[in-house]
Amino acid sequence: MSAHVKRIGLLCAPVVALLFVWEIISRSAVINPLLFPPPSLVALALWELIRNGVLIVDAAVSLWRVLAGLSIGILLGVSTGLLTGRMQTLDSVMSPAINFLRPLPPVAIIPIVIVWLGIDDAAKIFSIALAVFFPVWLNTHIGAQRVVQEYLWSAELLTRSKFTIFSRVVLPAALPFIVAGVRTAISTAFIMVFVSELAGAQSGLGYRISITQLAYRVDQMMAGLVVLALFSALCDRVFTRTVLRLFPWLSLHQ
Amino acid sequence: MTHCIETRHLTVRRGGRKVLSDIHLQVSPGEFVAIVGKSGVGKSTLLHALAGHLPYSGEINIPKKIGMVFQQFAVFPWLTAKENIGFGLTMESKGKIELIDESLRLAGLEDKAQKYPAALSGGQQQRIAIARAIAHRPDVLLMDEPFGSLDAYTREQMQAWLLDVWRAHKTTVVLVTHDIEEALVLADRVIVLTDGKLGDEFDEFRPSLHGIDAKFSYQFLQMRQKITESL
């Protein structure tokens with residue numbers, strides 16, 4: 001057996017075992033199967049939602065909101081984090097305010113965002129971007145602050161260009177921290193899109209799950225959750241793979 | 001003779017404590033000077049003051065083009081060996097590509113040009129750091145315990161290599177180390193630093209004249225004994 005097949009086997013075995021036990025428990029009628037449908041019925045519900053096109057539209061809408069919110073939040077978080085991490089004055093001016101807002105649970109802002117921006121895409125994207133900003137800022141800020149002093153001394157003796165030092169030393173030195181921040185941000189973004197679509201939306205996976213709840217279609221709710229979890233895991237995987245491909249030194253360095 | 005480096009009444013305080021006190025150091029162009037001392041006597045502080053990293057009182061005259069090599073290599077992990085050596089060399093630099101290739105050859109790492117530092121040994125990483133500093137053709141090379149984190153065998157190899165590089169480029173070098181043998185093997189002049197003050201100087205043993213193998217000579221052992229006593 002090749003190592004690759006063995007690895008896939010080890011990866012799938014616990015999932016298959018879990019699905020099997022779940023199927024047995026649901027079918028044994030120990031628990032009401034309407035409340036706890038077996039995975040085979042969830043799979044059927046998933047297929048039904050895909051076939052009638054509802055799920056594709058909802059998934060696309062949610063994914064668009066997540067990607068837009070993530071992009072804005074990451075862009076702002078990284079740029080602000082680099083600046084506050086390396087510039088004392090900006091750190092003293094901005095960090096206290098950011099640190100004051102940071103502990104606020106991100107979902108707590110959703111009601112006020114609805115009041116401000118309504119229930120359209122803008123509100124969802126804003127909520128996601130705001131929630132994403134904090135972990136990305138914090139990680140980038142710490143990463144930029146902790147650049148090894150010898151790297152900076154070496155760079156300053158080798159070039160006088162502040163831009164070169166910033167782009168070719170500070171930014172890559174902070175990259176492992178930025179990557180950690182973005183990975184946290186990806187899961188936060190999926191939490192935020194789900195909650196914000198529950199609270200007021202006309203489309204999206206969160207919205208789909210909330211209306212199937214009204215119809216007591218637990219199988220469809222679970223199908224929606226499966227898609228949400230898959231997207232979140234897939235996004236994280238695509239991100240880490242892309243990062244390692246673009247910056248192969250990261251895997252060696254770690 | 002005009003001095004390449006000259007300090008007068010150099011005093012450095014850190015955290016309210018006087019780490020270096022009234023240092024008068026003169027280094028001639030092309031000279032290889034080693035400062036030896038026990039841990040915590042201010043060896044690294046002296047180098048960082050020379051490099052302009054620390055506030056000081058007194059006077060320091062040193063050329064603007066300084067290269068520096070640290071104990072922890074300080075090669076950038078995100079750049080390949082070739083990119084590390086080319087860091088900071090501007091496009092106007094005369095024959096940038098030739099210079100990088102020459103430095104890679106000097107470091108004996110032509111076949112490792114595309115490797116990242118993490119894929120190289122400690123000795124190879126330090127060769128990159130030294131080659132990178134030399135590529136900029138500095139007037140002065142400051143070395144802070146450059147071989148301190150290498151094993152004994154690699155350290156010896158690196159010392160022989162550094163002597164070859166120095167002979168080829170004749171850069172003025174100030175090396176700080178706690179290793180008396182290393183100081184004697186490499187430097188024209190060894191100066192003892194104790195409690196933030198420069199002490200005895202020893203320049204009778206010159207490896208540039210004797211070669212690295214002279215470390216097995218009676219004269220070398222005598223010198224080592226003398227320096228140990230003055231520490």
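Letters A, B, ... mirror the listed sequences (proteins, then strands); counts begin at 1.
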(message) Tell me which of these, B:Val69, B:Ile66, B:Thr80, B:Asp144, has more heavy-atom pairs under 4.5 Å with chain A than the rest.
(response) B:Ile66
(message) Donor-acceptor check, side chain of B:His169 to backbone of B:Val165, threshold 3.5 angstrom: yes or no?
(response) yes
(message) I'd like to verify something: which residue of B:Glu83, B:His53, B:Lys64, B:Lys65 has the highest number of heavy-atom pairs under 4.5 Å with chain A?
(response) B:His53
(message) Taking atom CZ as the centre, does B:Arg8 end up with more than 12 heavy-atom neighbours from other residues, nucleotides or ligands that are less than 6.0 angstrom away?
(response) no
(message) If I measure from the heavy atoms of chain A, does B:Phe87 come under 4.5 Å with its side chain, its backbone, both, or neither?
(response) both
(request) Measure from the side-chain N and O atoms of B:Thr171 to the backbone N and O of B:Val140, and report whether any donor-acceptor pair falls under 3.5 Å. (result) no
(request) Heavy atoms only, distances under 4.5 angstrom: which of A:Ala173, A:Pro172, A:Ala155 has the most pairs with chain B? Name it, please. (result) A:Pro172
(request) Go through A:Leu157, A:Val148, A:Thr159 and name the one with the most non-hydrogen pairs under 4.5 angstrom from chain B. (result) A:Leu157
(message) So does A:Trp249 get a backbone contact from the side chain of B:Trp78, meaning a donor-acceptor N/O pair under 3.5 Å?
(response) no
(request) Examine the side chains of B:Gln72 and A:Glu150 and answer whether a donor and an acceptor come within less than 3.5 Å of each other. (result) no
